[in-house]
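Right, one structure below, let's go through it.
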Amino acid sequence: MELPCYTLLQGPSDTELPSEMILRQELENGDITTKISALKKTIQLIISGEKLPGILMTVIRFVMPLEDHTIKKLLLVFWEIVPKTTPEGKLLQEMILICDAYRKDLSHPNEFIRGSTLRFLCKLKEPELLEPLMPTIRTCLEHRHSYVRRNAVLAIFTIYKNFDFLIPDAPELISNFLEGEQDMSCKRNAFMMLIHADQERALSYLATCIDQVNTFGDILQLVIVELIYKVCHANPSERSRFIRCIYNLLNSSSAAVRYEAAGTLLTLSSAPTAIKAAANCYIELIVKESDNNVKLIVLDRLLALKEVPSQEKILQELAMDVLRILATPDLEVRRKTLSLGVDLVTGRTVGEMVEVLKKEVGKTHNTGEHEDTGKYRQLLVRTLHTISIKFREVAAAIIPVLMEFLSDTNELAATDVLVFVREAIQRFPELRVQIIERLLSAVPTIRAVTVHRHTLWILGEYASTTDEITGVVSSIRSSLGELPIVESELRKAAGDEGVADDQKQHHQQLPAQHRVTADGTYASQSVFSAGHVGSGTGLGEDRCPLRSYLLQGNFYLGSVIANTLAKMAFRYFNLEHDKAAQNRFAGEAMLIMTSIVHLGKSGLSQKPMTEDDYDRMMLCLQVVSERSSLLSVVFTSKCREALSHMLSVKAEEVEEANKNKKSKEGANGVLEHVDDHISFSHLTKSSHLSATDDMFELAMTKAVSGVKKETMDLSTSKLSKVYQLTGFSDPVYAEAYVNINQYDIVLDVLMVNQTADTLQNCTLELATMGDLKLVEKPQPLVLAPHDFCNIKANVKVTSTENGFIFGNIVYDIKGSTSDRNVVILNDIHVDIMDYIVPATCTDLEFRQMWMEFEWENKVTVATHMTELKGYLDYLCKSTNMKCLTPVRALEGFGDYMAANLYARSIFGEDALANLSIEKPLNSTDSVVVGHIRIRAKSQGMAVSLGDKINKVQKATLKAVAA
């Protein structure tokens with residue numbers, strides 16, 4: 001069993017440690033500085049496991065009598081770690097002298113030495129050493145300095161907890177001390193002791209001063225909150241006794257006290273007034289606290305409140321107060337706030353909420369352009385979209401506000417507006433005319449090609465009167481400029497060349513002027529060169545927007561224009577019965593289409609036209625010329641039916657997800673059923689937070705273990721992460737337990753000396769490959785014959801990619817003159833899956849990231865699996881990725897499947913995957929074939945995820961072969 005130790009010291013690993021004889025000489029004959037250095041080296045040797053049996057008496061004789069404060073502090077560490085008993089377990093005789101030194105330090109006139117000695121006594125586990133000191137410790141309770149008194153209380157508390165027979169009257173002693181004490185830190189320590197040692201005395205004291213709780217310091221108030229929670233948790237009938245005190249603490253000047261008081265109030269009472277008071281307290285904390293981490297923690301508590309149906313109704317009254325949090329500039333806080341606000345909005349508050357969000361939209365226009373500003377606009381657009389679908393009566397007021405985003409430079413926000421407009425124009429026919437008018441007026445101000453495409457599609461689909469149709473065509477004509485495009489561009493190019501020649505001749509006639517530049521040199525300048533300097537970026541500046549897109553090679557926009565014109569042509573034919581007008585409209589539409597096709601084939605554009613775009617435009621051209629009734633139905637009706645079906649499917653998916661969420665939380669209000677199992681926290685590997693759980697104990701467990709309660713698996717987690725590093729026949733056997741936290745890896749290495757020799761300077765040497773960094777080098781130690789020890793090493797992780805930890809064990813054999821011995825260790829593979837979690841995003845965000853990410857890894861599907869859906873499910877489970885393709889799109893039977901997968905790392909890195917697989921339709925035994933394309937922002941992420949997919953595919957091959 002390891003000796004108890006409360007202090008760890010890190011020394012330099014590249015220095016040679018001295019022998020015991022040298023240390024004794026320095027401790028005996030050196031000056032103060034030399035003795036301090038020798039004492040530090042002694043402490044490091046003892047912590048490393050070295051045995052220094054003769055050093056104790058030297059320290060007692062030559063170091064302990066010194067009054068230097070640095071030596072006093074080092075001696076406290078030395079007394080803590082030095083062995084105090086013989087191998088038989090009896091106390092060393094030298095401890096009598098040390099005990100006398102303790103007593104002298106407890107009576108020292110310097111309050112720091114007294115206080116630090118009292119703190120040190122809390123760490124002693126030998127009652128024989130503590131017994132002679134008890135009278136002196138009692139007298140420290142009456143010392144004039146609060147530092148000594150509060151440490152005396154802690155010492156008495158620890159001694160009473162470990163050895164109550166040494167001071168059986170400790171609760172009474174501390175209770176009397178508490179009544180006469182004025183210092184808040186001393187009162188806090190004393191009250192905390194009474195909570196754990198004698199709760200009745202603590203309650204009696206609280207009853208005498210319950211009306212003065214607001215005047216106490218925050219450290220004492222926190223302990224009072226803990227006491228009230230523990231008492232009411234153990235005895236619910238006491239709640240009415242302390243509820244008023246908790247209400248008073250909600251107004252404390254300390255944010256920590258208010259937070260704990262609000263949490264305690266929610267556990268003590270389910271009354272609407274209590275829930276409302278706690279929620280108000282949380283909102284005030286979020287608004288007033290400057291730390292974003294605090295804001296997010298408290299916001300999570302509000303979100304947890306909303307999950308309880310009875311509490312959600314009360315929170316709905318505070319929906320407008322929640323929106324005050326939007327004043328925080330942090331994007332994550334705003335995202336959670338808007339999500340909470342949407343969940344809490346009701347028909348009574350929706351009008352006010354829309355007005356507040358309108359003001360927020362206005363603020364984003366007035367601030368400087370920033371990455372978070374654009375994302376915040378996108379959040380506001382989506383929030384207004386959700387509210388308008390939820391409450392259709394406010395849609396008419398929201399649409400004009402959102403239309404302003406179409407001319408925004410932030411393409412994502414503008415595209416989100418059009419997604420909303422597409423759904424609104426389909427769901428709310430009464431707003432169609434207003435939306436069409438707004439879109440037509442916004443077309444000239446649009447700056448992004450994606451926004452232009454979406455806008456033209458909506459106009460082509462929903463323009464249903466002759467005036468609207470002609471207005472759309474006029475808008476397209478004005479945005480394209482002079483037709484045909486190729487001829488006008490050639491004329492313009494010829495005219496520009498003529499102007500350039502004239503300017504060149506004129507330049508030759510004009511004299512040059514000498515100018516002085518900014519750096520003091522001379523330069524010649526003419527009218528011709530001056531005009532070119534100020535001319536900007538060239539001829540593309542004054543072109544119409546649609547024409548400039550087409551000249552850049554964006555012919556997908558051309559196919560959208562052709563599709564829009566074809567739809568409107570069929571609608572115009574149904575509305576206008578005059579043949580001449582029909583032919584005139586068809587001719588104009590065909591002129592636009594042929595002009596775009598001609599441009600694509602002319603070679604004037606920066607990029608050539610793709611075959612897909614060409615085929616689409618030629619199809620639309622043929623459809624308009626032939627005017628087939630069958631194709632008229634496809635263009636005018638089927639497209640809208642497909643959109644309606646897609647929107648209804650999305651609505652059903654959202655509704656089903658909400659139902660599943662509510663069913664998990666107990667939608668019927670049933671918290672525990674009759675035949676539910678009783679959960680014992682020590683016997684179960686995981687359980688949900690229930691009313692019987694002590695939140696203070698849970699918080700302490702999570703802080704100490706670093707693992708959430710829901711994820712702890714006491715039965716299998718450690719065994720599954722133990723790696724054997726050496727063979728059983730090696731001189732030193734080693735195995736490592738790999739504990740992976742979020743940003744670091746802790747290696748707990750067990751080393752066993754399997755020889756009959758003493759191994760000196762036994763060192764674990766580690767190195768890493770990948771984005772891993774060894775924090776500290778393990779210290780060398782001595783292993784006795786057949787002895788073992790545990791060494792811990794920390795490795796920092798900086799990005800999501802596969803890594804390797806490798807190394808060896810180096811040691812010397814005592815008495816041997818040969819070279820150092822080396823045992824090579826097996827590699828430890830750090831899996832990327834430990835850092836990837838399933839995530840979700842919209843189709844638009846997925847496409848945007850797919851275009852932006854530059855690293856792609858294409859993996860060929862190699863498996864013996866025969867089911868398409870089965871392979872997809874296996875891939876998602878093995879790679880921690882979430883399938884974004886709707887379930888309905890994957891249903892049914894077919895010979896191919898395409899799906900999008902998405903995951904996010906704990907470092908905020910995104911991982912995208914597109915799965916394209918197939919199998920012969922009539923062959924049930926054929927295997928799945930295809931490929932998986934992975935895209936990520938970093939090369940390591942893409943390569944590591946591809947390696948993981950190849951690895952899990954090989955597992956299926958081996959399973960079938962076996």
Side-chain angles (χ1 to χ4, degrees), residues 4-11 27 30-44 46-47 59-82 84 95 97-126 129-130 132-162 167 170 173-174 177-178 180-193 217-220 223:
C5 180
Y6 302 88
T7 306
L8 295 177
L9 296 177
Q10 174 64 31
L27 291 172
D31 56 7
I32 294 293
T33 306
T34 306
K35 290 185 177 183
I36 290 174
S37 175
L39 192 54
K40 286 181 179 179
K41 293 174 184 177
T42 304
I43 291 170
Q44 289 172 6
I46 294 176
I47 289 178
V59 172
I60 293 174
R61 290 177 57 199
F62 299 101
V63 181
M64 195 170 68
L66 299 176
E67 293 294 327
D68 184 77
H69 283 197
T70 304
I71 287 181
K72 290 283 185 185
K73 285 194 287 186
L74 289 172
L75 279 176
L76 293 178
V77 180
F78 178 78
W79 301 139
E80 176 191 335
I81 64 172
V82 74
K84 303 174 185 64
M95 287 297 113
L97 300 173
I98 297 175
C99 185
D100 185 60
Y102 293 159
R103 186 183 55 77
K104 289 180 180 178
D105 285 344
L106 288 175
S107 305
H108 201 281
N110 185 291
E111 60 272 5
F112 170 75
I113 293 177
R114 278 201 187 195
S116 56
T117 306
L118 287 165
R119 288 295 293 266
F120 161 70
L121 294 180
C122 297
K123 305 172 186 178
L124 283 183
K125 300 297 180 185
E126 290 79 20
L129 288 175
L130 292 170
L133 305 175
M134 293 316 300
T136 315
I137 295 174
R138 285 172 177 265
T139 59
C140 288
L141 288 175
E142 301 171 0
H143 194 272
R144 59 179 178 81
H145 204 283
S146 60
Y147 178 72
V148 177
R149 296 199 301 274
R150 69 168 176 261
N151 284 308
V153 173
L154 281 180
I156 291 173
F157 175 30
T158 310
I159 293 169
Y160 179 77
K161 185 170 63 175
N162 296 327
I167 183 167
L173 178 66
I174 296 300
F177 168 80
L178 184 60
E181 181 59 47
Q182 297 299 321
D183 183 75
M184 282 300 162
S185 61
C186 298
K187 291 174 78 170
R188 179 256 181 195
N189 288 357
F191 192 74
M192 185 179 66
M193 175 188 168
D218 56 347
I219 55 175
L220 183 55
V223 180

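No hydrogens, no waters, no symmetry mates; every other heavy atom, side chains included, goes into these values.
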Looking at residues at least two apart in the chain, or sitting in another chain, which of them share a ring pair (Phe, Tyr, Trp, His ring centres under 6.0 Å) with Y147?
none

Nearest 0.5 Å please: distance from the CD1 atom of I167 over to the CD1 atom of I137.
7.5 Å

Given side chains that start at C-beta, do those of L74 and I36 come closer than 4.5 Å, heavy atoms only?
yes

If you measure from CD1 on I113 to OG on S107, what distance do you get to the nearest 0.5 Å?
12.0 Å

Excluding sequence neighbours, so at least two apart, what forms side chain to side chain contact (heavy atoms under 4.5 Å, CB included) with E142?
none

Is the shortest heavy-atom distance from the side chain of N189 to the side chain of F157 under 4.5 Å?
no

Name all residues meeting the side chain to side chain contact (heavy atoms under 4.5 Å, CB included) criterion together with S185; count only those two or more places apart in sequence or in a different chain, and write none if there are none.
R150, D183, I219

Of all heavy-atom pairs linking C186 and S146, the shortest is SG-O, 3.4 Å

With sequence neighbours left out, write down each residue that passes side chain to side chain donor-acceptor pair (under 3.5 Å) with R149, or none if nothing qualifies.
E181

Would you say that T42 contacts V59 through its side chain, given a criterion of any heavy-atom pair below 4.5 Å between the two side chains?
no

Nearest 0.5 Å please: distance from the CG atom of L106 over to the OG1 atom of T139.
7.5 Å

Who pairs with K104 by salt bridge (charged side-chain N to carboxylate O under 4.0 Å, His left out), at least two apart in sequence or on another chain?
D100

List in chain and number order the residues that pass side chain to side chain contact (heavy atoms under 4.5 Å, CB included) with T34, two or more places apart in sequence or in another chain; answer none if no residue qualifies.
E26, D31

Pairwise side-chain contact, L118 with L154, heavy-atom cut-off 4.5 Å (strictly under)
no

Looking at residues at least two apart in the chain, or sitting in another chain, which of them share a side chain to side chain donor-acceptor pair (under 3.5 Å) with K35?
none

Contacts of type side chain to side chain donor-acceptor pair (under 3.5 Å), residue R61, not counting sequence neighbours
none

To the nearest 0.5 Å, tell me how far K123 NZ sits from T158 OG1.
11.0 Å

Checking A190 now: which residues fulfil side chain to side chain contact (heavy atoms under 4.5 Å, CB included) with it, not counting sequence neighbours?
V153, I174, F177, L178

Please round to the nearest 0.5 Å and tell me the distance separating atom OH of Y160 and atom CG of L173.
11.5 Å

Report yes if some heavy atom in the side chain of R114 is under 4.5 Å from a heavy atom in the side chain of C140; otherwise report no.
yes

F120: partners by ring pair (Phe, Tyr, Trp, His ring centres under 6.0 Å), with sequence neighbours left out
Y102

Report all side-chain donor-acceptor pairs from residues 62-70 shorter than 3.5 Å, counting only partners two or more places apart or in another chain.
residue, atom, partner, partner atom, Å
E67, OE1, H108, NE2, 3.0
D68, OD2, T70, N, 3.1
D68, OD2, I71, N, 3.2

Once you round to the nearest 0.5 Å, how far does CD of E80 lie from CG of L76?
9.0 Å

